[in-house]
Novice: 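Below is the structure I would like to discuss, written out as structure tokens.
In what follows, chains carry the letters A, B, and so on, assigned in the order in which the sequence lines appear, proteins first and then strands, with residues in each chain numbered from 1.
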Amino acid sequence: MGELLNFLSQNEVLIYLLLFTVLLGFEVISKVPSVLHTPLMSGANAISGIVILGAIILIRTTDPQDFFTLILASIALFIGSINVFGGFFVTNRMLEMFNKKKNK
Amino acid sequence: MGELLNFLSQNEVLIYLLLFTVLLGFEVISKVPSVLHTPLMSGANAISGIVILGAIILIRTTDPQDFFTLILASIALFIGSINVFGGFFVTNRMLEMFNKKKNK
Amino acid sequence: MKIGFLKDIEPRVSLTPPAHIKYVKSGYDVSLEKGAGLKSGYLDEDYECKKFSRSEVIKNSDIIICVDSSSLREIEKFSNKTLISNFSGEKDTDKLKDGIRKNNITAFDLSKIPRTTIAQSMDILSSMSGLSGYKSVIKAAEILPKMFPMMITAAGSIKPVKVVVLGAGVAGLQAIATAKRLGAVVEASDPREAAKEEVLSLGAKFIEVEGAVEDKEAGGYAVKQTKEFLERQKQEVSRRLKEADVVITTAQVLGSKSPVLISRSVVEEMKPGSVIIDLASSTGGNCELTKDNEITKHNGVSIVGNSFLASELAHDASNLFSNNIFNFIDYVVKDGKFIDQKDDIYKSCKI
Amino acid sequence: MKIGFLKDIEPRVSLTPPAHIKYVKSGYDVSLEKGAGLKSGYLDEDYECKKFSRSEVIKNSDIIICVDSSSLREIEKFSNKTLISNFSGEKDTDKLKDGIRKNNITAFDLSKIPRTTIAQSMDILSSMSGLSGYKSVIKAAEILPKMFPMMITAAGSIKPVKVVVLGAGVAGLQAIATAKRLGAVVEASDPREAAKEEVLSLGAKFIEVEGAVEDKEAGGYAVKQTKEFLERQKQEVSRRLKEADVVITTAQVLGSKSPVLISRSVVEEMKPGSVIIDLASSTGGNCELTKDNEITKHNGVSIVGNSFLASELAHDASNLFSNNIFNFIDYVVKDGKFIDQKDDIYKSCKI
Amino acid sequence: MDKILFLISAFLLVWGLRLQSDPASASKGNKFAAVGMLIALFSASIMPLENSSGNYLWILTPIVFSAVIGYIIAKKIQMTSMPQMVSIFNGLGGLSAVLLSYTEINKWILSPESYPGFVLVVLIVSLFIGSVAFTGSLLAFAKLDGYRWSEKLTLPFQHIINLILLFSIAFSSYLFIDSSGGYTFLYIIISISLIYGIFFVAPIGGADMPVVISLLNSFTGITAALTGVIFDNKVMLLGGILVGAAGTILTVLMCQAMNRSLLNVLVGGFSSSGSSSKSDEQGDIREISDSDFAVQLFYSQKVIIVPGYGLAVAQAQKLCKEIQEVLESNDVEVKYAIHPVAGRMPGHMNVLLAEADVDYSKLIELDEANENFKTTDVAVIIGANDVVNPDAIDDTSSPLYGMPILKVWESTSSVVLKRSMSAGYAGVQNPLFFKENNKMYFGDAKDSLQRLSTELKNL
Amino acid sequence: MDKILFLISAFLLVWGLRLQSDPASASKGNKFAAVGMLIALFSASIMPLENSSGNYLWILTPIVFSAVIGYIIAKKIQMTSMPQMVSIFNGLGGLSAVLLSYTEINKWILSPESYPGFVLVVLIVSLFIGSVAFTGSLLAFAKLDGYRWSEKLTLPFQHIINLILLFSIAFSSYLFIDSSGGYTFLYIIISISLIYGIFFVAPIGGADMPVVISLLNSFTGITAALTGVIFDNKVMLLGGILVGAAGTILTVLMCQAMNRSLLNVLVGGFSSSGSSSKSDEQGDIREISDSDFAVQLFYSQKVIIVPGYGLAVAQAQKLCKEIQEVLESNDVEVKYAIHPVAGRMPGHMNVLLAEADVDYSKLIELDEANENFKTTDVAVIIGANDVVNPDAIDDTSSPLYGMPILKVWESTSSVVLKRSMSAGYAGVQNPLFFKENNKMYFGDAKDSLQRLSTELKNL
Ligand SMILES: NC(=O)c1ccc[n+]([C@@H]2O[C@H](COP(=O)([O-])OP(=O)(O)OC[C@H]3O[C@@H](n4cnc5c(N)ncnc54)[C@H](OP(=O)(O)O)[C@@H]3O)[C@@H](O)[C@H]2O)c1
Ligand SMILES: NC(=O)c1ccc[n+]([C@@H]2O[C@H](COP(=O)([O-])OP(=O)(O)OC[C@H]3O[C@@H](n4cnc5c(N)ncnc54)[C@H](OP(=O)(O)O)[C@@H]3O)[C@@H](O)[C@H]2O)c1
Ligand SMILES: NC(=O)c1ccc[n+]([C@@H]2O[C@H](COP(=O)([O-])OP(=O)(O)OC[C@H]3O[C@@H](n4cnc5c(N)ncnc54)[C@H](O)[C@@H]3O)[C@@H](O)[C@H]2O)c1
Ligand SMILES: NC(=O)c1ccc[n+]([C@@H]2O[C@H](COP(=O)([O-])OP(=O)(O)OC[C@H]3O[C@@H](n4cnc5c(N)ncnc54)[C@H](O)[C@@H]3O)[C@@H](O)[C@H]2O)c1
């Protein structure tokens with residue numbers, strides 16, 4: 001308990017930030033019409049690919065000779081990027097449907 | 001500019017927090033029907049009375065003999081509290097109107 | 001004041017039991033000719049007033065009321081009294097006016113009530129026209145050997161009946177509404193500008209004809225149209241009449257003969273079995289072949305000439321009519337006296 | 001095959017020009033008695049087929065068709081031929097059957113077509129009932145001295161007419177729909193369980209009576225009800241009849257006399273001016289005072305006894321009827337021969 | 001412990017505000033926020049402080065008193081003077097911030113080393129904004145309440161004067177900090193700030209006050225946040241920013257609801273008030289927004305619809321029925337008052353409503369309707385005009401004088417749906433449109449009812 | 001600099017997500033988010049790092065390749081397989097997180113002092129969640145795509161087995177950390193996690209897959225956040241949490257839209273799948289969801305409505321007209337196909353539609369309708385049954401055999417609105433309901449059409 005409190009006061013701002021981010025996440029989605037469920041899922045999925053930032057940082061900090069790490073991280077980056085790019089493109093395609101009708 | 005960047009990296013989390021709080025503030029209000037404008041204004045006003053926390057802290061850290069500060073801070077607390085309590089009560093009265101319906 | 005209600009030749013009656021109650025509340029002394037309401041479905045027992053013979057009613061009353069002036073052949077008996085009735089069916093107006101003047105009779109013709117918003121509660125033309133409009137469609141439906149609505153059935157489909165309404169005044173509009181209700185496809189024509197919106201507001205189609213003459217002073221009434229307009233209108237309308245199953249005509253022009261909108265040749269081009277109901281027959285009719293108060297057949301087309309179809313709804317008609325009269329008396333009589341003779345409504349009705 | 005269509009005494013005709021086209025397409029050789037369609041609005045010119053005198057038509061045809069069997073008094077002339085008609089109006093069935101047997105006539109009674117989904121396109125009872133139901137309301141509206149819909153006007157308000165429909169079969173349902181359309185307040189009664197939902201589906205009220213007898217085997221038809229039920233029903237219904245302006249009765253029970261649902265005393269309690277249309281009059285009538293094919297008046301109440309109101313819509317009725325007959329022939333005749341005698345529809349209609 | 005409490009309190013404040021943006025949960029939201037505030041007060045009172053010296057009496061006394069006073073005011077105040085009340089409260093909040101800043105600045109003057117300069121800047125900004133909020137709110141109150149000063153007061157060269165004032169404040173502040181705290185400069189700052197508040201609100205019309213109050217409210221929020229920086233308290237900071245942001249958006253939304261831009265309001269733009277966009281000798285008309293209309297209907301007990309010829313023209317009878325059904329499913333009693341001459345033929349409205357399958361039992365006639373209006377929350381007049389014209393009763397010169405009409409103005413409020421201000425069949429203007437408790441909802445009845453129906457279904 | 005870029009990127013991600021929750025701005029929102037992501041990638045590549053060693057080729061190559069591949073896939077994929085695609089992508093995201101965590105853990109094994117124990121815990125959790133997201137997503141894809149494994153597969157004592165698996169992971173993790181990194185334990189953790197992902201998805205029916213994908217997606221978000229903790233990158237942290245929170249809410253909303261609870265979906269509750277809730281010897285039926293139905297109609301060229309007795313029973317004719325109007329205002333051609341014996345009396349449908357004021361010209365008869373279905377996108381059968389029964393053509397033993405019927409199945413797709421699977425007047429089952437291109441939309445027609453109308457208006 002004491003440790004937790006300690007942790008809390010050390011990272012006070014961070015915790016507020018996390019709390020508010022969660023609230024923001026909830027708030028942003030809470031009134032979405034059900035037609036948007038699938039595109040939104042797809043869009044959120046693309047954002048979750050943000051994990052590749054980790055891969056980039058990892059690669060940049062890895063010893064250029066450490067091929068094991070480099071290869072592994074590169075694969076992670078490759079795979080994750082497919083998620084990101086594919087995700088955004090696919091979402092875009094789905095959402096264009098809504099545009100078409102509106103433009104008529 | 002360098003100073004700003006410096007400030008930024010020192011208070012990185014805080015700045016994220018402020019940004020997200022502003023976003024949250026926008027998001028939370030953006031879809032409010034206009035009948036709620038007045039009650040919401042009133043409710044937000046009551047919250048803005050949070051300034052009295054400062055008065056409390058000030059009083060608590062003031063030398064018990066420093067009557068000038070104590071009196072001034074107490075008045076601030078008193079006035080601010082009227083804002084807070086009166087605000088919440090008034091808001092509550094306005095909003096009760098909406099409740100009546102739901103309870104039927 | 002004593003008011004007496006006479007029995008009419010036609011089925012309507014100028015006093016109904018609910019109206020009687022209103023008179024009593026307003027302090028009038030009411031008497032009724034025996035058996036006056038019978039044909040409208042009101043028995044003498046239904047009225048809680050004095051019932052007398054005709055001559056007694058006339059003798060005892062200051063104001064004498066009946067539905068239609070043609071029931072009033074004993075004009076000399078009304079001397080120095082007040083007469084309220086509908087004189088619009090009157091054939092020999094001069095003679096009547098003569099009699100009225102000679103006998104010093106104060107007479108009001110209810111059919112002359114102005115078409116203003118405030119007078120509407122006394123306006124017998126409006127109330128009777130509404131009923132006639134309804135009844136015209138019912139009569140057409142009874143005569144027509146077809147069903148009005150569209151039906152898709154296992155034994156084949158029935159096409160909806162096509163109804164053309166000429167003249168979208170009060171009667172015409174009610175006819176449109178009733179025909180629409182029954183499922184017909186309805187088109188209407190009228191030279192008044194306002195009529196278009198009114199027709200559309202009932203969900204019917206409007207037959208556009210250009211070049212109509214309008215007179216804002218006419219108090220909502222249509223005025224006489226130019227020859228060219230009538231010709232164009234005839235053309236537009238005839239095209240539709242050939243397709244029509246039912247035609248209801250109500251076109252009237254205040255103070256002149258009704259325009260002839262359907263010529264013999266058009267009737268002859270119509271489908272056998274079709275029906276024309278001419279509500280304007282009393283003022284000459286909108287169809288060349290109309291005979292007033294008769295049903296004629298020409299080349300398989302039935303032509304009903306009847307301006308008083310409201311009489312066939314005697315129950316409701318009597319009700320509205322007697323309310324109109326009560327509202328009129330209530331308006332023109334204040335504290336036992338007639339009001340200022342300069343009043344618009346008073347002036348218009350006074351003969 | 002040669003088919004001949006005869007002229008009927010009544011206005012309907014068993015062949016219309018569109019139906020004729022269908023026969024021709026199916027390869028039949030059609031002939032028509034002169035002037036047969038006149039009363040339905042079809043001139044001889046409208047048909048592109050041979051027109052003969054009656055005897056010629058009979059002589060030249062294998063199959064002879066007319067709307068109603070009562071037009072067929074020359075039964076001996078049809079020997080060895082096929083006869084298709086509606087025999088349900090037949091007064092002296094035994095004599096007719098005798099004649100058919102003696103003359104070796106193949107006769108089909110179209111009124112015996114089963115009430116199945118597949119037979120519906122040949123079902124003259126259905127198609128004619130629908131028309132009768134519609135017409136019953138139109139007739140009532142023509143007779144009634146009131147307007148059907150509610151109207152709030154400057155001259156007072158008109159209450160909506162109350163309509164009670166007894167028997168919510170095909171005719172009853174169509175009557176309900178038509179009366180609703182015209183703006184009446186409608187209530188209906190029927191012992192069949194399915195009827196309630198059907199009545200409600202048309203927006204009318206259903207008069208609940210408990211304890212009805214139902215027979216799933218009856219093919220949708222109602223069966224005879226118990227005395228107790230009929231008593232309860234009478235009570236429930238009578239209460240409403242006193243308030244009603246129009247009553248339309250269609251209650252029939254397959255193979256027996258129609259139930260009497262309105263006794264003399266109830267009629268006497270009804271409002272003067274009200275109207276009863278009894279569509280069940282040919283099978284005895286649902287009202288004690290009904291006289292078949294007559295309009296009677298009792299205490300101010302008009303009672304119309306007429307089971308064949310469809311005839312008054314001769315144009316549409318002929319159309320549907322001739323389609324029904326064509327569909328029947330198309331079904332029972334395959335390649336110039338009658339089909340298997342074990343077929344359900346064939347069996348049911350064969351006399 | 002106190003940190004956790006603060007966290008909870010921050011959460012409650014946010015969530016409470018969020019709930020308050022939906023009518024169904026608004027009341028709960030207010031309670032959430034109140035609880036959050038109480039928790040914050042409590043933890044501010046118990047949180048460990050470096051050199052805490054108690055003084056709890058100095059804290060408790062004002063809180064208790066103000067709570068009692070706040071409660072009494074809130075109970076006593078009339079519903080109609082709510083905006084004034086909010087305005088007063090907001091002024092108090094501003095004043096409180098001013099006092100606090102002043103006290104802190106005072107501390108700094110006494111011992112200049114206790115704060116770094118940057119804090120001082122924050123304090124002065126807080127002082128300035130608080131002062132503006134204070135006098136601005138008070139003037140707003142006066143304008144709202146008395147309507148005495150409700151006209152806009154614009155000095156010549158207003159903008160230039162404002163700039164000069166702002167500049168003076170900035171310059172005094174500089175001098176103040178630079179001189180390490182001369183009281184003169186401090187008082188100059190305060191005075192000019194207070195005057196600026198008045199100048200800020202003065203040119204704005206009385207009817208725009210709610211917008212101004214909302215804006216001032218977001219100002220107070222910002223001072224709270226600034227004070228939060230000084231006292232290094234996250235809840236104050238976040239709560240303040242939240243209110244600042246929400247208040248700003250709210251202000252913008254309120255302007256939108258009046259079809260104005262914020263700038264337009266602040267500059268005192270094209271007219272003295274948004275709610276009187278059209279006016280002639282008859283007075284002002286008030287328009288109602290989609291959502292207000294929907295909510296007002298939704299939370300009514302009894303609604304009477306008055307159909308007229310316009311409903312027929314728009315052929316909107318089915319939508320009208322739809323709205324009736326939506327309302328009924330929310331326990332609102334709905335009736336149709338049928339005037340005998342509404343429409344263009346006897347019984348026109350009957351035909352119309354029958355088409356939409358409105359039950360006969362829902363139709364009431366003139367006399368019954370007139371008895372009913374007194375107990376009606378909202379009378380909705382759809383495309384009717386002459387039949388609800390009060391001149392028929394009041395004005396002997398009117399062509400309608402003497403005709404019995406539907407007294408819709410006797411209901412708590414009425415809303416008229418029509419396309420424009422043009423007259424009806426009789427061709428006369430209708431004073432109903434200008435009555436206090438009447439609102440207009442312009443547009444073709446079909447479109448209007450469609451908008452209304454959508455809004456109702458989203459509630 | 002990079003900090004500011006990260007801040008902007010965080011803002012864009014949040015704002016993009018926000019815009020995506022409204023159809024009108026969704027497309028813009030996606031672009032916002034994409035730009036935000038690019039900025040994040042860019043600043044991650046340029047941000048100053050303590051011991052940066054370049055390796056840019058290792059970064060650029062995979063990104064360029066994957067961008068091209070992603071683009072191609074997105075272009076090629078059919079609209080109908082979108083959910084599968086998302087599922088695959090999500091799996092890749094999970095795998096990427098697994099690889100990253102593994103690499104990091106590997107580092108720790110090689111030099112245990114480089115991380116504190118708490119980071120290791122985070123890594124292992126990330127490893128676990130990533131693995132579950134990976135295998136779970138793949139299985140979800142398989143279920144969606146092939147329908148081969150679309151039945152729910154529930155082992156006996158499923159819950160207990162799951163618990164055991166979870167416990168083993170926790171225990172191995174403990175051992176792993178305790179032993180300062182035995183590879184065996186690491187591989188055990190990974191294997192069990194992968195298996196757990198399969199067990200997690202297996203019992204859930206094919207039709208519930210979108211919900212599962214959404215849930216797994218929020219899992220991926222959480223791993224991203226955890227990874228963000230490790231790399232001390234705020235955008236990763238916040239972006240991950242945002243997606244985690246939004247994904248969770250979205251999952252809940254999706255469940256609500258199917259009238260299910262999340263728990264119910266996860267436990268594989270009352271039915272194997274929404275889309276094949278009933279089946280007999282005739283085959284499976286497929287249900288359609290509100291929004292799918294609405295979208296399908298909305299984006300059609302031509303719709304034919306087939307009314308039947310059920311429409312009359314439900315008295316939903318006016319709603320039907322309303323939907324017709326909404327569709328027509330979006331350039332969809334709408335017709336009504338009237339079967340001669342639909343309803344319970346001749347002309348029943350005519351009476352019904354006339355009540356709703358449907359124009360006669362919109363009604364088409366049997367023969368014309370049957371010519372039209374081939375060019376129709378959606379046939380909407382409302383409360384009709386016998387009149388659309390293909391047995392009337394195919395099955396000589398059917399009591400309907402020989403009756404001409406409406407061949408709705410010839411249109412691209414058909415949707416049947418009725419309350420249950422029960423038969424119509426003729427009392428026979430209808431093989432139409434089981435056809436490939438037919439969907440069912442259950443409920444009283446009035447409710448169903450009301451739902452549909454609301455959904456349509458929200459588009
Ligand atoms: N009942 C009868 O038998 C009969 C017969 C003839 C005349 N009248 C007279 O007609 C009048 C009836 O009164 P009322 O109140 O029903 O009608 P009204 O006084 O004529 O007013 C109708 C109002 O509806 C509005 N309107 C028209 N189209 C609209 C649309 N599409 N959407 C929304 N609003 C629309 C018009 O205002 P905007 O233009 O601003 O939209 C107009 O002010 C009386 O004066 C009566 O005497 C009655
Ligand atoms: N037209 C005539 O003259 C006439 C006369 C008598 C009989 N019939 C016969 O009636 C049949 C007509 O065919 P049809 O296709 O119109 O009707 P149907 O075959 O009877 O089917 C009606 C369907 O509507 C559904 N339903 C009932 N109430 C509903 C509600 N409230 N909401 C949604 N769905 C509802 C029922 O399924 P659920 O219970 O699952 O909802 C039922 O399967 C034919 O067999 C015909 O022969 C016709
Ligand atoms: N103020 C009121 O409250 C009130 C009450 C009732 C009627 N009115 C108005 O009075 C007017 C007349 O009503 P009415 O029914 O007594 O009219 P009417 O009986 O005099 O005439 C019937 C209709 O025939 C039309 N007509 C004339 N010439 C025609 C032609 N060539 N072709 C086709 N139609 C032709 C007229 O325009 C009129 O609509 C209408 O405008 C009506 O709205 C007003
Ligand atoms: N399969 C088909 O396609 C098809 C076609 C037409 C009719 N039908 C069905 O056939 C049945 C009979 O129709 P119909 O119109 O020829 O019937 P009908 O003419 O034999 O009788 C008319 C109605 O009177 C009712 N009735 C009997 N006793 C009654 C009583 N005591 N009180 C009140 N009502 C009473 C009957 O229930 C029936 O509804 C209906 O169920 C109808 O749906 C089916």
Novice: Between Gly300(C), Ser121(C), Ser40(C), which shows the greatest number of heavy-atom pairs under 4.5 Å with chain D?
Specialist: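 Highest number of pairs under 4.5 Å: Ser121(C).
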Novice: Go through the atoms of Leu144(C) and report whether side chain, backbone, both or neither lie under 4.5 Å from a heavy atom of chain D.
Specialist: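 Just the backbone, heavy atoms under 4.5 Å.
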Novice: If you measure from CG on Leu182(C) to CG on Leu182(D), what distance do you get to the nearest 0.5 Å?
Specialist: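 Taking CG in Leu182(C) and CG in Leu182(D), the distance rounds to 4.5 Å.
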Novice: At a heavy-atom separation under 4.5 Å, does Leu43(D) approach chain C through its side chain, its backbone, both, or neither?
Specialist: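 Answer is neither: Leu43(D) stays 4.5 Å or more from chain C.
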Novice: Top residue by heavy-atom pair count (under 4.5 Å) with chain C, among Met122(D), Gln174(D), Lys271(D), Lys39(D)?
Specialist: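 Maximum pair count with chain C is reached by Gln174(D).
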Novice: Minimum heavy-atom separation for Lys135(C) and Glu142(D), please, with both atom names.
Specialist: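 So the minimum-distance heavy-atom pair works out to NZ-O, 2.7 Å.
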Novice: Using a heavy-atom distance cut-off of less than 4.5 Å, which residues of residues 312-322 of chain D contact chain C?
Specialist: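 Glu312(D), Leu313(D), Ala314(D), His315(D), Asp316(D), Asn319(D), Leu320(D) fall under the 4.5 Å cut-off.
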Novice: Pull out the residues in residues 146-162 of chain D that come under 4.5 Å of chain C, heavy atom to heavy atom, sorted by number.
Specialist: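 Contacts with chain C: Lys146(D), Met147(D), Phe148(D), Pro149(D), Met151(D), Thr153(D), Ala154(D), Ala155(D), Gly156(D), Ile158(D).
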Novice: Mind ranking Ser126(C), Gly273(C), Ala141(C) by heavy-atom pairs under 4.5 Å with chain D and telling me who comes out on top?
Specialist: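 Greatest number of close heavy-atom pairs with chain D: Ala141(C).
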Novice: Tell me which of these, Gly130(C), Pro18(C), Pro145(C), Ala177(C), has more heavy-atom pairs under 4.5 Å with chain D than the rest.
Specialist: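 Max contact count across the listed options: Pro145(C).
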